[in-house]
Amino acid sequence: DSGVTQTPKHLITATGQRVTLRCSPRSGDLSVYWYQQSLDQGLQFLIQYYNGEERAKGNILERFSAQQFPDLHSELNLSSLELGDSALYFCASSVALASNEQFFGPGTRLTVL
Amino acid sequence: EDKVVQSPLSLVVHEGDTVTLNCSYEVTNFRSLLWYKQEKKAPTFLFMLTSSGIEKKSGRLSSILDKKELFSILNITATQTGDSAIYLCAVKTSYDKVIFGPGTSLSVIP
């Protein structure tokens, strides 16, 4: 158990819908990362937040957005869902901005029908 | 475009064998290279490498980075069935972007 929690565990929804994935980092960790893992694309970095501020952006679609709240939990919002958005979404946290060791949560499996 | 390539993509060995997993990269503003092990669920951290030629070791696993040739290897000696997993290589840039390779799927059979 890494100490990072993610909810929900599984999510099934229809195309065109919007969902919110939630992540609570390990106690004391200020940095949160979001990743998407699909069979054909592997693990893709989406976005990083540090202490409430967006820090780095990867391959995140415009239909996706994220934020980190004052209590350091983070939410990833996915809208206008498409079949191809079906994937495992991981959140990871690290202590500091420059920390290289990230602790991954168990993931949220999103299925878009 | 930043890129991380791993080889082989899949590997099946017998218990006791030694394996070498490869990771090569082309990124701008390299900061560090990381190895992760992913079993059924989330990746777990193995090593972080920032300097060339310095071997990191943890039990039967070891890894080394060559920043001139832009690659890293992960060695696992005396493999066990519990080593069966996907091994992910990732590169972190100075701008905090993280690029993962496709992974190497290792299966260790008794």
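Because the structure is a prediction, the values reported are computed rather than measured. In what follows, every chain begins at residue 1, and chains take the letters A, B, ... in the order their sequences are listed.
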Q: Could you check whether any side-chain heavy atom of B:Q38 comes within less than 4.5 Å of a side-chain heavy atom of A:F90, counting everything from C-beta outward?
A: yes

Q: Would one find more than 12 heavy atoms of other residues, nucleotides or ligands at under 6.0 Å from atom NZ of A:K57?
A: no

Q: If I compare all heavy atoms of B:K97 with all of A:A56, which pair ends up nearest, and what's the gap?
A: N-CB, 4.3 Å

Q: Indicate, with yes or no, if A:L81 and A:I60 share a hydrophobic cluster defined by side-chain heavy-atom contacts under 4.5 Å among Ile, Leu, Val, Met, Phe, Trp and Tyr.
A: yes

Q: Do A:Q102 and B:Y36 make a side-chain contact, defined as non-hydrogen atoms from C-beta onward lying under 4.5 Å apart?
A: yes

Q: Check the surroundings of atom CZ in A:R26: do more than 12 heavy atoms from other residues, nucleotides or ligands lie under 6.0 Å from it?
A: yes

Q: Can you tell me which portion of A:Q37 sits under 4.5 Å from chain B's heavy atoms? Options are side chain, backbone, both or neither.
A: side chain

Q: Answer with side chain, backbone, both or neither: which region of B:P43 has an atom nearer than 4.5 Å to a non-hydrogen atom of chain A?
A: both

Q: For the rings on B:F45 and A:F104, is their centre-to-centre separation under 6.0 Å?
A: no

Q: Cluster question for you: counting only ILVMFWY and a side-chain heavy-atom cut-off of under 4.5 Å, with indirect links fine, are A:L76 and A:V19 together?
A: yes

Q: Run the side chain to side chain contact (heavy atoms under 4.5 Å, CB included) test against B:K56 and tell me which residues pass, sequence neighbours left out.
A: B:F47, B:L49

Q: Please say yes or no: joined through hydrophobic side-chain contacts below 4.5 Å, possibly via intermediate residues, are B:V27 and B:L33 part of one cluster?
A: yes

Q: Quick check for you: to the nearest 0.5 Å, what is the distance between A:L43 atom CG and B:I99 atom CD1?
A: 12.0 Å

Q: Quick check: do B:F100 and A:Q44 have side-chain heavy atoms less than 4.5 Å from each other?
A: no

Q: Quick one: pull up CG in B:D96 and OH in A:Y50 and give me the separation to the nearest 0.5 Å.
A: 10.5 Å

Q: Establish whether A:L46 and A:V32 are linked, either directly or via other cluster members, by ILVMFWY side-chain heavy-atom contacts under 4.5 Å.
A: yes

Q: Measure the spacing between OG of A:S94 and NZ of B:K92 and express it to the nearest 0.5 Å.
A: 5.5 Å

Q: Closest heavy-atom contact between A:Y33 and B:V98?
A: CE2-CG2, 4.4 Å

Q: Measure B:L88 against the heavy atoms of chain A and call it side chain, backbone, both or neither at under 4.5 Å.
A: side chain

Q: Would you name the heavy atoms of B:A42 and A:G105 that are closest together and state the gap between them?
A: CB-O, 2.9 Å

Q: Answer with yes or no whether the hydrophobic clustering places B:L46 together with A:V4; edges join I, L, V, M, F, W, Y residues whose side-chain heavy atoms lie under 4.5 Å apart.
A: no

Q: Sort A:F103 into side chain, backbone, both or neither according to what part of it lies under 4.5 angstrom from a heavy atom of chain B.
A: neither

Q: Is the CG atom of A:L39 crowded by more than 12 outside heavy atoms at less than 6.0 Å?
A: no

